[in-house]
Amino acid sequence: MTLDNIKEEIYSAKNIVILTHDIPDGDAIGSSLSLYLALKQLGKTVDVVIPKYSKTFEFLPGATEIKKEGAMEAYDLAIALDCGDIKRLNGFTNYFEDANCRICIDHHGINTMFGDYNFVDPTAPACCQILITVLKALEVEITKDIGTCLLTGIITDTGGFKYPGVKAETFEFVAELLNKGVNVSETYKTVLQTISKEKFELRKIAMNRIELLEEGKIAYTYILQEDEKKAGSEDHDGIVEMGRDIEGVEISIFLRETEKNNYKISLRSNNYVNVADISLLFNGGGHIRAAGGTITNMHLNKAKEKIINECKKHLK
Ligand code: 5GP
Ligand code: MN
């Protein structure tokens, strides 16, 4: 069984690198740090390599030990978390490819199975929920610190327990974490509610630009590099959800300029559109209700038209 192989590889490796997807969210960082703390408990030499992440997650146990690049050229073992495609490994594909053994633990429906061992469960609402099974198999003690990281991933990817992927076991596990002393309400507030003034300014700009199209079934907004400079924040988390939360909207589109004429696309849907399918046309992927991709070498107006036209085809 894959889980037995994973356990064996982790037990026999001396040095391990943990990698996750670019623009890491709470599930990516929560997964990485919970596994990091668990592997430290097992006496391993471990590097978590994440070049850049939101200030929101600086409170997490172990966050100060995150590295911007790896300390060695080739690791015994590389573990990719919350990442469906090797291309999204933060530009650190080399650490993954050069390791003696490669493991992928993930919950994306579209996962290219790029590890030697792939423990992938698309029905899990968060990668952190899969990690619970992995940590239990490794016989690691789930401490309050590890629990705080796991909870961060779960509340991020379930939108605070409100998305349809939430299962009874999600609550059962969180109940276990409460018993370990994890502060659920404080973690929830830090991760999902409190935003910096700069982030608030950026949200305001995006909110003012929301357009409702196709009889209100599509919400569209965008952020340019100059907006990020003006607001003093690059943290666009939560912007695409503002559009999705408007009554009658089925698809919310958010374009973020990454370089001149290049855009990162974020898509969300409410009821029936599979946005992961749409994202595949834009070199991307994701989940049925939350996905993303990219548009390159295109003026904003053209990019807007292109993504809206694709989305329109999926409306009822
Ligand atoms: P977000 O809109 O929050 O950036 O991403 C939503 C979901 O889509 C996440 O699960 C993320 O992993 C996935 N996603 C976003 N952008 C890409 C991309 O360029 N490629 C792939 N494969 N998945 C993406
Ligand atoms: Mn995730």
Side-chain angles (χ1 to χ4, degrees), residues 19-35 50 52-54 56-57 80-91 93 104-114 119-132 149-160 163 165-166 170 191-192 203 206 219-223 234-244 251-258 262-269 273-296 303 307 311:
L19 304 165
T20 189
H21 69 75
D22 57 356
I23 323 175
D25 57 8
D27 193 30
I29 298 189
S31 295
S32 302
L33 288 176
S34 56
L35 186 62
I50 304 176
K52 208 168 144 195
Y53 61 93
S54 158
T56 305
F57 304 113
L81 298 173
D82 195 32
C83 185
D85 189 327
I86 193 164
K87 287 187 293 215
R88 297 200 69 214
L89 283 178
N90 265 317
T93 314
C104 172
I105 300 172
D106 184 35
H107 71 127
H108 288 85
I110 306 164
N111 183 299
T112 59
M113 303 287 179
F114 56 95
F119 194 55
V120 178
D121 177 6
T123 70
C127 185
C128 276
Q129 192 169 311
I130 304 175
L131 273 179
I132 294 157
C149 297
L150 292 172
L151 179 70
T152 295
I154 291 173
I155 59 180
T156 299
D157 271 21
T158 60
Y163 297 158
V166 173
T170 315
V191 174
L192 289 187
R203 269 199 197 175
Y220 166 82
T221 191
Y222 66 94
I223 284 289
E234 293 178 4
D235 192 345
H236 56 277
D237 215 42
I239 289 178
V240 69
E241 279 79 14
M242 293 191 302
R244 174 166 65 180
I251 308 175
S252 176
I253 307 168
F254 167 50
L255 293 190
R256 186 172 66 97
E257 186 189 47
T258 48
N262 289 348
Y263 302 90
K264 177 89 203 142
I265 310 168
S266 277
L267 297 174
R268 297 291 184 271
S269 67
V273 173
N274 183 340
V275 284
D277 277 354
I278 301 174
S279 292
L280 289 178
L281 303 170
F282 295 90
N283 228 337
H287 311 281
I288 48 173
R289 302 279 173 258
T294 45
I295 294 184
T296 49
I307 182 70
C311 287

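Order of listing sets the numbers, starting from 1, for every ligand and every atom in it. Keep in mind that what you see is a predicted model, and the values were worked out from it rather than measured.
- The distance from the Mn ion (ligand 2) to the nearest N/O/S atom of H107 is under 2.8 Å.
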Walk me through whether S54 and D235 qualify under side-chain hydrogen bond (donor to acceptor under 3.5 Å, both in side chains).
CA-CA 7 Å; S54 158; D235 192 345; 3.0 Å; yes
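- Side-chain atoms of I29 and T56, non-hydrogen and from C-beta on, never get closer than 4.5 Å to each other.
- To the nearest 0.5 Å, the span separating OH on Y53 from OG on S32 amounts to 11.0 Å.
- The immediate protein surroundings of ligand 1, defined as residues with any heavy atom under 4.0 Å of it, consist of R88, H108, K264, S266, R268, G284, G285, G286, H287, A290, A291, G292, G293.
- Contact of the E234 side chain with the K52 side chain is registered, since non-hydrogen atoms from C-beta on lie closer than 4.5 Å.
- With contacts defined as side-chain heavy-atom distances shorter than 4.5 Å, the pair I253/V240 does not qualify.
- Closest heavy-atom contact between E241 and R268: OE2-NE, 2.9 Å.
- Distances from the Mn ion (ligand 2) to each N, O or S atom of D157 single out OD2 as the nearest.
- The atom name of the N/O/S atom in D27 closest to the Mn ion (ligand 2) is OD2.
- Using a 4.5 Å heavy-atom cutoff, the side chains of V275 and H287 are not in contact.
- At a cut-off of 2.8 Å, D82 is counted among the residues with an N, O or S atom near the Mn ion (ligand 2).
- For a distance bound of 2.8 Å, the N, O or S atoms of D25 include none lying that close to the Mn ion (ligand 2).
- Counting heavy atoms from C-beta on, the side chains of I239 and R256 never come closer than 4.5 Å.
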